[in-house]
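Heads up, the thing below is written out as structure tokens.
For the numbers below, each heavy atom of this structure counts, side chains included, while hydrogens, waters and symmetry mates do not. Along the sequence shown, the residues carry numbers beginning at 1. Note that the structure is a prediction, hence the values are computed from the model and not measured.
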Amino acid sequence: VLHELEDFFARDHAAARAYVGDAGIYFNTVRMAVDGIRRILGNAALAGELREAGVSRAKRHAVGAVLPKILEVWERVG
């Protein structure tokens, strides 16, 4: 179970929030991380919601979704 928790947690930083979005729990301190772990371990519904949001976010960042957009921009500016 604990190895799956890394899928939910990110240090609270603008880049992490942009990438992870609503699919994660953010922390700045050890206490915040511990509280987040306890929230997930104690709430299977929350864990499921985060997992579903994570899958959705991953699809948006997948190579097949991102690369065509990058190529389109490069072709316009190139």
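Evaluation of the salt bridge (charged side-chain N to carboxylate O under 4.0 Å, His left out) test over residues 15-26, restricted to residues two or more places apart or in two chains, returns D12-R17. Screening residues 28-38 for side-chain hydrogen bond (donor to acceptor under 3.5 Å, both in side chains) gives R31-D35 as the qualifying pairs, with residues at least two apart or on separate chains.
Separating the CD1 atom in I40 from the CD1 atom in I25 is a distance of 3.5 Å, to the nearest 0.5 Å. How far CZ of F27 is from CZ of R11: 5.0 Å, rounded to the nearest 0.5 Å.
Taking hydrophobic clusters as Ile, Leu, Val, Met, Phe, Trp and Tyr residues chained together by side-chain heavy-atom distances below 4.5 Å, L46 shares a cluster with L41.
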Taking distance alone, no hydrogens or angles, what donor-acceptor pairs closer than 3.5 Å link side-chain atoms of residues 63-75 to residues at least two apart or in another chain?
none

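Between A10 and A16, the closest heavy-atom pair is CB-CB, 4.0 Å.
The other residues sharing a hydrophobic cluster with V34 are V30, where clustering joins ILVMFWY side chains under 4.5 Å apart.
Remark: Y19 engages H61 in a ring pair (Phe, Tyr, Trp, His ring centres under 6.0 Å) (not counting sequence neighbours).
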